[in-house]
Amino acid sequence: MSDADRRSRSGNAANGFGYEEALLFELSREDRVGYSLPELDVPAVSPTDVLPEGSVREDLAELPELSEVDVIRHFTRLSTWNAAVDLGLYPLGSCTMKYNPKLNERVAHLAGFSAAHPRQPAALLQGFLHLCYELARHLAEVSGMDRVTLQPAAGAQGELAGIMMIRAYHEHRRDHRTKVMIPDTAHGTNPATATLNGYSVVEVPSNDAGILEPAAVDAAMTEDVAGIMVTNPNTLGLFEENMAAIAEIIHAKGGLVYGDGANLNAVLGIARPGDLGIDVMHFNLHKTFSTPHGGGGPGSGPVGIKNLLAKHLPVPVVQKSSGPDGDAYVLDSDFPLSIGRLHGNFGNAGMFVRAYAYLRSLGPDGLRRCADMAVLNANYVLARLKDSGAYKIPFDRTVMHECIVSDGNFSEQGVSTLDIAKRLIDYGYHPPTTYFPLIVPGALMIEPTESESLEGLDRFIEALLAIADEVHEDPELVRTAPHHTRRSRLDETRAARKPVLRWQPNAAE
Ligand SMILES: *Cc1c(COP(=O)(O)O)cnc(C)c1O
């Protein structure tokens with residue numbers, strides 16, 4: 001597309017409100033100045049007079065020059081290209097794209113929270129620290145853990161913190177261990193975390209029913225294993241029924257049990273990881289506790305621990321001290337065996353306010369109902385897809401918060417899981433997670449969450465069934481999908497492998 005083409009298409013309503021969009025750099029014009037400043041009423045100084053040598057650039061930065069309204073329209077139009085949970089069902093398995101109640105946003109925007117500065121002295125942050133303390137206490141209660149740190153900024157960083165605490169625990173006891181045991185149904189971040197901590201990974205196979213067998217753990221457990229990392233419910237959407245027995249085997253040989261609790265949606269108010277022998281676990285506030293994901297806001301991965309790891313908590317620890325004048329909240333850094341600080345400040349603080357609002361507005365009964373509905377919805381999708389016979393069902397049993405079907409019925413038509421996922425976009429759905437977990441070839445991992453109504457689930461299932469019909473009647477249509485988007489098939493990896501971070505006039509295709 002030429003520059004002129006792009007320019008003429010940008011903001012052009014010949015396609016209704018289905019705008020095309022050029023880059024801001026392409027919309028810029030050489031002789032335009034996009035800002036205005038009041039006339040100078042103080043003596044002029046040259047930047048070279050006041051700034052250190054070498055810090056003043058020689059040529060002007062090539063910034064795009066547009067008016068405020070052009071910039072606002074550009075970004076607002078781009079925002080309409082996004083799929084979002086506020087637009088429709090977003091069944092991305094393992095990611096729990098549940099609805100984020102707007103109440104959370106209202107509370108997070110209260111000036112006492114949104115205008116607080118992380119470097120304010122603790123005495124002036126009492127309300128916020130009180131909220132942190134209470135949120136940690138509620139998360140500990142929900143999970144059956146003793147203490148919770150809110151610092152980690154994502155699930156993966158929570159895992160890092162958790163395994164660092166396990167390592168610190170063994171090292172402090174002068175017990176040198178070199179391995180971490182991980183089942184083949186693990187989330188990909190688990191082996192990455194173990195490796196980052198200098199451990200080698202011992203993979204344990206799951207059984208034919210998709211869960212871990214105590215005998216398999218027993219066979220692999222030795223005294224140089226620091227611990228096991230278990231995702232429960234696992235990435236097949238199945239509950240690890242043998243968790244307590246597995247924890248016993250690990251503990252008997254001095255190891256610790258890490259629970260990947262990124263997806264607690266199916267167990268809220270029903271089972272508590274801490275009661276099943278888990279010593280340390282992370283939560284994903286941006287999954288289970290309804291704070292926004294990714295582009296919608298930063299993540300947050302608090303970590304719950306049993307008291308045996310308390311010495312190693314990241315600092316500062318928010319503590320409550322009760323005195324004659326009432327309660328005060330303090331930042332305690334007096335933890336000589338701490339793994340250190342994981343975040344410049346407290347963590348992604350705005351997320352704590354949202355998650356707290358969610359927990360308090362649901363209460364214990366609401367959380368329990370959320371788990372019941374999440375499980376019911378996933379099983380409903382699975383049951384209807386199974387009855388239709390249109391998709392292959394690799395593990396035919398009751399699932400937790402997500403279910404897995406596969407493209408196994410479509411190989412003759414040369415249609416892949418990716419094609420089905422792309423075709424779903426034409427039906428107005430963000431695709432489910434694909435090709436994961438790795439042990440199910442051609443997997444589509446569907447997590448409807450508790451947010452969806454029965455009608456909403458039925459519409460989504462009808463779309464999957466319609467696509468299955470299309471595969472048999474017109475496979476080419478599915479293979480070349482999506483057809484109703486501004487772009488169709490993009491190179492899946494180029495943006496990550498060869499990012500273009502600096503605009504060059506002639507590099508644009
Ligand atoms: C999402 C997820 C993670 C990682 O969380 P991030 O916040 O994306 O870093 C880890 N384990 C499981 C099971 C997950 O679903």
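- Taking CG of Asp419 as the start and OG1 of Thr480 as the end, the distance is 8.5 Å to the nearest 0.5 Å.
- Between Tyr358 and Phe289, the ring-plane angle classifies as perpendicular under the 30° and 60° cut-offs.
- Separation of atoms OG1 (Thr193) and NE2 (His282) is listed at 8.0 Å; rounding is to 0.5 Å.
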Would Ser206 and Asp184 count as a side chain to side chain donor-acceptor pair (under 3.5 Å) here? Give the steps. CA-CA 6 Å; Ser206 48; Asp184 60 2; 2.8 Å; yes
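- Each of Thr417, Thr185, Leu236 was scored for a side chain to side chain contact (heavy atoms under 4.5 Å, CB included) with Val440, with one residue passing: Leu236.
- Across Ile404 and Leu382, no two heavy atoms sit closer than the pair O-CD1, 4.2 Å.
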As a quick check of understanding, evaluate side-chain contact (heavy atoms from CB on, under 4.5 Å) for Val107 and Tyr356, giving each step before the final call. CA-CA 10 Å; Val107 176; Tyr356 183 74; over 6 Å; no
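- Here CE of Met229 is found 13.0 Å from CE of Met181. Values are rounded to the nearest 0.5 Å.
- The distance from the CG atom of Leu212 to the CG atom of Leu238 is 11.0 Å, given to the nearest 0.5 Å.
- Without hydrogens or angle criteria, Arg32 side chain to Glu65 main chain gives a donor-acceptor distance under 3.5 Å.
- Residues Phe436 and Leu444 are not in side-chain contact: their nearest non-hydrogen atoms beyond the backbone lie 4.5 Å or more apart.
- Look at Lys386 and Asp396 and you find a salt bridge, because one of the NZ, NE, NH1 or NH2 atoms lies within 4.0 Å of a carboxylate O, short of that distance.
- Using a 4.5 Å heavy-atom cutoff, the side chains of Leu150 and Leu139 are in contact.
- Within the 4.5 Å cutoff, side-chain heavy atoms of Lys392 are placed close to those of Ser406.
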Verdict with supporting geometry, Arg341 and Gln151, side-chain contact (heavy atoms from CB on, under 4.5 Å): CA-CA 8 Å; Arg341 197 182 237 292; Gln151 256 185 51; 4.2 Å; yes
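- In this structure, the side chain of Asn348 does not engage the main chain of Met351 through any donor-acceptor pair within 3.5 Å.
- Glu105 places no side-chain N or O within 3.5 Å of a backbone atom of Lys102 that could act as its donor or acceptor partner.
- Checked against ring pair (Phe, Tyr, Trp, His ring centres under 6.0 Å), His343 has no partners two or more places apart in sequence or in another chain.
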Might you work through the side-chain contact (heavy atoms from CB on, under 4.5 Å) test for Leu92 and Ile446, ending with a clear yes or no? CA-CA 6 Å; Leu92 197 60; Ile446 301 169; over 6 Å; no
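- Between Phe128 and Phe346, the distance from one ring center to the other falls under 6.0 angstrom.
- Of all heavy-atom pairs between Thr235 and Glu402, the closest is O-OE2, 4.1 Å.
- The ring pair (Phe, Tyr, Trp, His ring centres under 6.0 Å) check on Phe395 picks up nothing, with sequence neighbours excluded.
- Using modelled atom types, one side-chain atom of Lys287 and one backbone atom of Ser94 make a donor-acceptor pair closer than 3.5 Å.
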Decide salt bridge (charged side-chain N to carboxylate O under 4.0 Å, His left out) for Arg368 and Asp372; before the verdict, give the C-alpha distance in whole Å, the side-chain angles of both, and the deciding distance to 0.1 Å. CA-CA 6 Å; Arg368 165 75 199 234; Asp372 286 343; 3.4 Å; yes
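- Closest approach of Tyr435 and Leu438 over heavy atoms only: O-CD2, 3.7 Å.
- Under a 3.5 Å cut-off, the side chain of Glu213 and the backbone N or O of Asn207 do not form any donor-acceptor pair.
- Of the possible polar contacts, one joining the Ser79 side chain to the Thr76 backbone as a donor-acceptor pair under 3.5 Å is found.
- Formation of a donor-acceptor pair under 3.5 Å by the Asn345 side chain with backbone atoms of Gly347 is not found in this model.
- A donor-acceptor distance shorter than 3.5 angstrom exists from the side chain of Arg57 to the backbone of Asp59, with no hydrogens or angles considered.
- The nearest pair of heavy atoms linking Ala108 to Val353 is CA-CG1, 3.8 Å.
- Between the side chain of Asn377 and the backbone N or O of Thr449 there is at least one donor-acceptor pair closer than 3.5 Å.
- To the nearest 0.5 Å, atom NE2 of residue His401 and atom CD of residue Glu447 are 4.5 Å apart.
- The local environment of CD in Glu68 is sparse, with at most 12 non-hydrogen atoms from other residues, nucleotides or ligands closer than 6.0 Å.
- Residues Val180 and Val201 form no side-chain contact, since every pair of their non-hydrogen atoms from C-beta on lies 4.5 Å or further apart.
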Take Glu462 and Arg384 through the test salt bridge (charged side-chain N to carboxylate O under 4.0 Å, His left out) and record every step on the way to the result. CA-CA 10 Å; Glu462 296 304 333; Arg384 278 207 58 192; 2.8 Å; yes
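- Taken from CD in Glu159 to CG in Leu196, the straight-line distance is 10.0 Å, to the nearest 0.5 Å.
- Side-chain N/O atoms of Asp458 and Tyr380 include a donor and acceptor closer than 3.5 Å.
- Residues Leu359 and Val142 form a side-chain contact, since some pair of their non-hydrogen atoms from C-beta on lies under 4.5 Å apart.
- Leu160 places none of its side-chain heavy atoms less than 4.5 Å from the side chain of Pro152.
- Partner of Glu240 under the side-chain hydrogen bond (donor to acceptor under 3.5 Å, both in side chains) criterion, out of Thr231, Asn234, Asn232: Asn234 alone.
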Could you walk me through whether Glu450 and Asn265 satisfy the side-chain contact (heavy atoms from CB on, under 4.5 Å) test, starting with their C-alpha distance in whole Å, then the side-chain angles of each, then the deciding distance to 0.1 Å, before giving a yes or no? CA-CA 9 Å; Glu450 72 279 11; Asn265 236 31; 2.8 Å; yes
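- Here the side chains of Tyr99 and Asp86 are in contact, with some heavy-atom distance below 4.5 Å.
- The environment of Arg369 atom CZ is sparse: at most 12 non-hydrogen atoms of other residues, nucleotides or ligands sit within 6.0 angstrom.
- Every residue meeting the ring pair (Phe, Tyr, Trp, His ring centres under 6.0 Å) condition with Tyr391, not counting sequence neighbours, appears here in chain and number order: Phe410.
- Across all their heavy atoms, Pro205 and Ala216 have their closest contact at O-CB, 4.2 Å.
- The minimum heavy-atom distance linking Ile278 with Pro273 is given by the pair CG1-O, 3.1 Å.
- You'll find the side chain of Pro91 stays beyond 4.5 Å of the side chain of Pro448, heavy atoms only.
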Intermediate values then yes/no, salt bridge (charged side-chain N to carboxylate O under 4.0 Å, His left out), Asp491 and Lys498: CA-CA 11 Å; Asp491 185 318; Lys498 296 188 178 155; over 6 Å; no
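- Remark: Glu203 does not engage Lys179 in a salt bridge, criterion side-chain N to carboxylate O under 4.0 Å.
- The existence of a salt bridge linking Glu21 and Arg487 is excluded, since no basic side-chain nitrogen approaches an acidic carboxylate oxygen closer than 4.0 Å.
- Donor-acceptor pairing under 3.5 Å is lacking for the side chains of Asn263 and Asn284.
- No donor-acceptor distance shorter than 3.5 angstrom exists from the side chain of Ser290 to the backbone of Lys98, with no hydrogens or angles considered.
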